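As the structure is a prediction and not an experimental result, all values here were calculated from the model. All chains are named by letter (A, B, ...) in the order of the sequence lines, taking the proteins before the strands, and each is independently numbered beginning at 1. We use all heavy atoms of the structure for the numbers below, so side chains are in, but hydrogens, waters and symmetry mates are not.
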2 protein chains.
Amino acid sequence: MAVEEDGLRADARANRDRILEVARKALTHDPETPLSAIGKAAGVGQGTLYRHFPTREALALAIYREEINALAALASTLLQKHPPLEAFRLWCAQLANSSAMKRGVAKLLQGATSEDDKRETYEQMVLAVRSLIAACEAAGAIDTGANADDVLMLLGVLWQLPSHPGRDSQSARIIALIFGGLGAKD
Amino acid sequence: MAVEEDGLRADARANRDRILEVARKALTHDPETPLSAIGKAAGVGQGTLYRHFPTREALALAIYREEINALAALASTLLQKHPPLEAFRLWCAQLANSSAMKRGVAKLLQGATSEDDKRETYEQMVLAVRSLIAACEAAGAIDTGANADDVLMLLGVLWQLPSHPGRDSQSARIIALIFGGLGAKD
DNA sequence: TTAAGTAACGGACAATTGTCCGTTTAGTCA
DNA sequence: TGACTAAACGGACAATTGTCCGTTACTTAA
């Protein structure tokens with residue numbers, strides 16, 4: 001019976017899942033929990049932890065991949081229910097509020113075009129942005145020729161905003177600025 | 001004879017300068033040189049190194065502060081020699097190319113509004129952007145009401161671009177997008 | 001069912017970061 | 001000039017990250 005549903009051996013998958021579960025709780029409680037402590041709590045050795053997640057970032061990325069997936073999927077949902085430009089706006093608002101992104105986890109996708117395991121997650125986001133841009137262009141709601149990579153880079157700024165009073169309005173201003181750059185027709 | 005020109009004791013200043021000199025060379029050669037190695041090369045103990053520069057970031061920030069200062073100063077120079085909008089554009093171009101910012105050093109000013117020693121450097125940049133915006137507004141070259149913090153956050157993206165073929169054109173596109181958002185009158 | 005092959009394990013170890021604290025010395029004042 | 005004091009030093013130590021490699025056990029195939 002070929003069991004390799006995802007190319008991972010059964011015990012490896014079990015370990016991976018257990019590490020993620022433990023890490024999610026631990027990192028939520030304290031973002032700087034030592035990786036070694038997480039490994040111990042998950043009942044695996046250092047080697048196992050690091051083989052699965054070479055860096056702290058990789059671990060965090062895995063934890064929040066679900067939420068990122070949901071965000072990427074949201075794009076098409078919004079496009080079905082709203083006019084393109086409004087869908088785009090709603091998506092950006094959701095991006096700015098996406099709780100998983102806040103604080104330390106924010107740095108995740110920076111320079112994501114380089115390292116390999118980030119790449120996959122990054123691509124999902126680019127695709128989402130590309131679909132939103134394409135729909136808006138088709139509807140004549142923005143200027144043509146915008147580059148999804150560029151726009152995503154700029155939107156990434158929203159994840160870096162420190163959470164201070166006024167953060168929400170700053171998000172709104174920045175989104176407005178970007179839409180202005182895209183030539184959005186209000 | 002009161003010698004404290006900058007609130008630092010003479011020997012402390014000498015150490016600080018020596019560390020910076022060594023670190024500049026070492027980090028240019030290999031951005032991941034261990035801090036302990038830098039300390040040893042500068043002939044100071046771990047304690048001294050960490051007292052002066054609590055983190056790797058702090059050290060890098062100090063190294064590149066000169067270059068950042070120059071960038072901030074460039075704004076007024078450009079404003080004297082060029083029409084406001086062109087000055088702004090030239091400044092952004094310089095920002096994108098500022099060699100010190102590339103690679104690992106790029107992350108420096110992210111979330112700069114939080115930690116204290118970053119704050120000062122960050123303020124200089126905000127002031128520069130604010131002066132450029134004000135001049136452009138006064139000349140009617142951009143829409144009024146732009147927020148310097150917002151614009152600087154967006155410009156910060158330029159420091160995060162991985163150096164790949166096409167980086168320069170991506171910089172140009174992003175700058176154009178931002179200027180579009182500002183309502184720049186071409 | 002068993003044996004072989006290999007992916008995965010996990011703890012020991014190396015490297016680096018970051019802290020602490022007793023010692024030294026620059027700067028001050030009589 | 002000779003203490004005095006506080007700033008600064010720097011090495012030892014603790015904590016964390018990251019690597020290595022001999023051992024274990026999941027899978028497959030006969």
* Structure fact -> Letter by letter from the 5' end, nucleotides 10-22 of chain C scores (B base, S sugar-phosphate only, - none; protein heavy atoms under 4.0 Å) BBB---SBBBB--
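- What you find for B:A135 and B:L79 is that their closest heavy atoms are CB-CD2, 3.6 Å.
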* To do: Tell me, with the steps shown, if A:F88 and A:H82 meet side-chain contact (heavy atoms from CB on, under 4.5 Å).
  => CA-CA 9 Å; A:F88 202 171; A:H82 301 276; over 6 Å; no
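- Separating the CZ atom of A:R13 from the P atom of C:dC9 is a distance of 11 Å, rounded to the nearest angstrom.
- B:H52 has a side-chain polar atom (N or O) that falls below the 4.0 Å cut-off from OP1 or OP2 of D:dC9.
- At least one donor-acceptor pair closer than 3.5 Å links the side chain of B:E137 to the backbone N or O of B:G145.
- With D:dC9, D:dT27, C:dA8 as the choices, the nucleotide that has an atom nearest any side-chain atom of B:D11 turns out to be D:dC9.
- In this structure, the CG atom of A:L8 is 10 Å from the P atom of D:dT27, given to the nearest Å.
- Rounded to an integer number of Å, the gap from CG of B:D17 to C1' of D:dA8 is 15 Å.
- Evaluation of atom-type donor-acceptor distances gives a pair under 3.5 Å for the side chain of B:R9 against the base of D:dA7.
- The side-chain heavy atoms of A:C92 and A:F179, taken from C-beta on, include a pair separated by under 4.5 Å.
- The shortest side-chain heavy-atom distance between B:T28 and B:I63 does not fall under the 4.5 Å cut-off.
- Atom-to-atom distance recorded for A:I178:CD1 and A:R173:CZ is 12.5 Å, nearest 0.5 angstrom.
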